[in-house]
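Ligands are counted one by one from 1 in listed order, and the atoms in each one are counted from 1 as well. Throughout, residue positions are numbered sequentially from 1 according to the sequence presented.
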Amino acid sequence: MNEKLKLLTSDLTETIKWFQDHLKKSEASVQIYTHLDADGLTSGAILGKALYREDIPFQISVLKQLEREEIIKIAEKVQDYNNVVIFSDFGSGQYLELEDKLNSNSIKTPYIILDHHFPQNISDKNDKKIKDIYKNSKPWHINPYFYEIDGSKEISGAGICYFFAKTLNKNNIDLSPTALIGATGDVQNRGPNNSFTGLNSIILEDAVKVDLVEKVNDLNFSPIKPLNEAIAYSGDINLPGLSGNTSKMLKFLQTLGILMEKSDGDIRTLNDFNQEEKQKVSSAIIRYVSLKLDVEPSEIINKLIINRYILKNELVGSELHDLKEFSYLLNSCGRSHNGSLGIAIAMGDRKIAYKKAREHLIEYKKSLAQALSWIHDENKIQLKEHIQFFFGEEVIPEAIIGTIASMLMFSKSDIIDKSKPIFGCAKRKEEDVYKISSRANDNIVKKGVNLSEAIREALKLSNLDALGGGHPPAAGTIVPVDKIDTFLENCNKIIKKQLQE
Ligand code: C5P
Ligand code: ZN
């Protein structure tokens, strides 16, 4: 990994030189365009901080995706002002489109892409064409697949932006925790016991070195929710008969002889527990699950005891103290159309933006819970032979369709069959298109399912020219309303083919 990092850093040095040369020719501020999820917001925050520290004026815009229409708008805007542009956490999947609209004969806009998604027309990390793209798009395009680094697991958009920032100025090492929040938002801490792998683990070393992050072993429950609620609604651990039922869960904990109330009457959180109490809880859970579900204790322990990453300078008990909770907060900002609040928080705001974001978080969590129960209670999942799909109708808007698809696929709930990919379809307001978000779990990705490829092939087969793609386990696009049946049927066929090959 160190050799790969050396090459990446040496390329980034070239990128920065190129960037600075172009800055000299431009009198306008740098325009940063970034994605709206936690990884995109942290990408924007890292770039913003790094440029601010160099006294380079900039503006950050948050977009739900770099669709063709957006690229056309950006081209019109920047050509008037001669800005230098940076695209973060998207841009690779649209690099040909960007070249066409921003770098055609009449317009030459200097731009940089710092991304971790598959480049346009590539959906397989072993595709030989990646090397050509690498060669031809130096020095303005940085992507982990150029270095045989897996962009779906080993580094996120924020991680790429972090290495850009650190190459620009080594003092930016203090932005390493922000990069880890981005990686966590993209669920990249998927090594054993939620560890980071690849370049993410090098970023973690940086964060530990500057004493900003600490890795601790802990129970895999939210550290800041009342513990009965945290266990009952855990996305990973299923306790038959107790999960989903906070009052039964409370009784279960009380029978262990653990005092559950604080002096003010509130229920205690994991943060309030000492080691001995945590030990009691974990033994009881292991005993309970191994009896009820007949699974080996070691299998339960692997899910139950995980690495937790603590942001040492943040207030204990706040969302910001824990990488995962921090990334939830940012995600909720982006997905409730408050991206700029998320960027402000990731850049260090602990006052107004943070306070507002926490208010939105409550609403956001409610809307997710409502969406999930609606799908469950009203039987909204439809099946084809090799895929499953649902329509958000009036209940699930475009902004959260991807989050809902992820929750259905990646959490322990059994609302859906995890052996088939899921496609969520949300009608875009005032346009005749659906936003599509597809998700597949690791088991079927290992068997050959690649959603980025499936979406791109299905678009082609359906004669659609929208941009689409992402990663093997998570990809998206947009599809006209009158083509949705054809598109989903083509997805079905392609997934069948992927599983046979
Ligand atoms: O939009 P959604 O959350 O479903 O996207 C899943 C993944 O696919 C994300 O990482 C997103 O950035 C990526 N994506 C993409 N190109 C698109 C749509 C989504 O790279 N046109
Ligand atoms: Zn990302």
Side-chain angles (χ1 to χ4, degrees), residues 33-46 62-71 87-98 113-123 143-145 150-162 178-188 200 327 330-331 334-335 389-390 392 396-410 421-426 428 433-440 445 450-456 458-459 464-479 491:
Y33 290 93
T34 199
H35 192 206
L36 60 60
D37 66 4
D39 188 32
L41 298 181
T42 47
S43 299
I46 289 171
V62 178
L63 301 180
K64 58 179 181 286
Q65 193 44 255
L66 205 49
E67 285 168 11
R68 186 171 290 118
E69 300 299 310
E70 295 291 349
I71 298 176
F87 296 100
S88 58
D89 196 33
F90 49 33
S92 289
Q94 304 80 8
Y95 88 99
L96 291 170
E97 207 60 32
L98 289 172
I113 300 171
L114 302 171
D115 191 9
H116 69 129
H117 294 94
F118 282 131
Q120 198 168 348
N121 290 340
I122 303 286
S123 289
N143 184 293
Y145 291 103
D150 189 329
S152 76
K153 296 186 206 149
E154 298 180 317
I155 188 148
S156 70
I160 293 287
C161 292
Y162 169 66
T178 315
L180 295 174
I181 298 167
T184 308
D186 273 10
V187 211
Q188 296 202 329
N200 282 325
S327 77
L330 295 188
N331 220 343
R335 303 208 180 267
F389 59 98
F390 64 98
I396 308 175
E398 162 170 18
I400 61 166
I401 194 86
T403 308
I404 295 298
S406 291
M407 291 173 89
L408 289 168
M409 182 55 73
F410 302 129
I422 186 140
F423 290 74
C425 317
R428 181 170 285 176
V433 294
Y434 284 110
K435 155 82 188 121
I436 310 292
S437 278
S438 63
R439 300 291 186 269
V445 170
N450 179 340
L451 292 174
S452 181
E453 186 181 45
I455 289 235
R456 287 176 183 176
L459 286 169
L464 295 170
D465 69 348
L467 298 166
H471 305 290
T477 189
I478 47 172
V479 172
C491 289

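- For atom 9 (C) of ligand 1, the nearest non-hydrogen atom of the protein is His117 NE2, 3.8 Å.
- Side-chain contact between Phe390 and Leu408 is present, with heavy atoms from C-beta onward closer than 4.5 Å.
- Every N/O-N/O distance between Gly402 and ligand 1 stays at or above 3.5 Å.
- At least one heavy atom of Arg439 sits under 4.0 Å from some atom of ligand 1.
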Check step by step if side chain to side chain contact (heavy atoms under 4.5 Å, CB included) holds for Thr178 and Tyr162. CA-CA 8 Å; Thr178 315; Tyr162 169 66; over 6 Å; no

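- Among residue pairs with one or both ends in residues 464-477, those qualifying as salt bridge (Lys or Arg N to Asp or Glu O under 4.0 Å) are Arg68-Asp465; sequence neighbours excluded.
- Atoms of ligand 1 found under 4.0 Å from any heavy atom of Ala474 (numbered from 1 in listed order, with element): 6 (C), 7 (C), 8 (O).
- Within 6.0 Å of NZ on Lys153 lie no more than 12 heavy atoms contributed by other residues, nucleotides or ligands.
- Scanning the protein for heavy atoms near atom 1 (O) of ligand 1, the closest one is Lys435 NZ, 2.7 Å.
- With rounding to the nearest 0.5 angstrom, the CZ atom of Phe87 is 7.0 Å from the CD1 atom of Ile113.
- Short contacts between ligand 1 and His35, defined as distances under 4.0 Å to a heavy atom of the residue, involve ligand atoms 12 (O).
- Residue, atom and distance of the protein heavy atom nearest to atom 15 (C) of ligand 1 are Gly469 O, 3.1 Å.
- Those atoms of ligand 1 that come under 4.0 Å of a heavy atom in Leu467, given as number and element, are 21 (N).
- Distance check: Leu451 CG to Thr477 OG1 gives 12.5 Å after rounding to the nearest 0.5 Å.
- By the 3.5 Å distance cut-off applied to N or O atoms, Asp89 is not counted among the residues near ligand 1.
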Evaluate side-chain hydrogen bond (donor to acceptor under 3.5 Å, both in side chains) for His471 paired with Asp186, printing each intermediate quantity in order. CA-CA 11 Å; His471 305 290; Asp186 273 10; 4.8 Å; no

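- With no hydrogens or angles considered, a side-chain donor-acceptor pair links Ser152 and Asp150 at under 3.5 Å.
- Close approach to His471 involves these atoms of ligand 1, each under 4.0 Å from a residue heavy atom: 10 (O).
- Note that CD1 of Ile122 and CZ of Arg456 are 8.5 Å apart. Values are rounded to the nearest 0.5 Å.
- At a cut-off of 3.5 Å, with distance as the only test, a side-chain donor of Ser156 or Asp39 sits close to an acceptor on the other residue.
- A salt bridge links Arg428 to Glu67: one of the charged nitrogens lies within less than 4.0 Å of a carboxylate oxygen.
- Of all atoms in ligand 1, numbered sequentially from 1 with element shown, those under 4.0 Å from a heavy atom of Ser437 are 1 (O), 2 (P), 4 (O).
- Within the protein, the N, O or S atoms lying under 2.8 Å from the Zn ion (ligand 2) are Asp39 OD2, Asp89 OD1, His116 NE2, Asp186 OD2.
- The side chain of Gln65, and not its backbone, has at least one atom closer than 4.0 Å to an atom of ligand 1 (non-hydrogen atoms only; side chain from C-beta on).
- The protein non-hydrogen atom at the shortest distance from atom 17 (C) of ligand 1 is Gly476 O, 3.5 Å.
- At a threshold of 4.5 Å between non-hydrogen side-chain atoms, the residues Glu398 and Gln65 do not count as touching.
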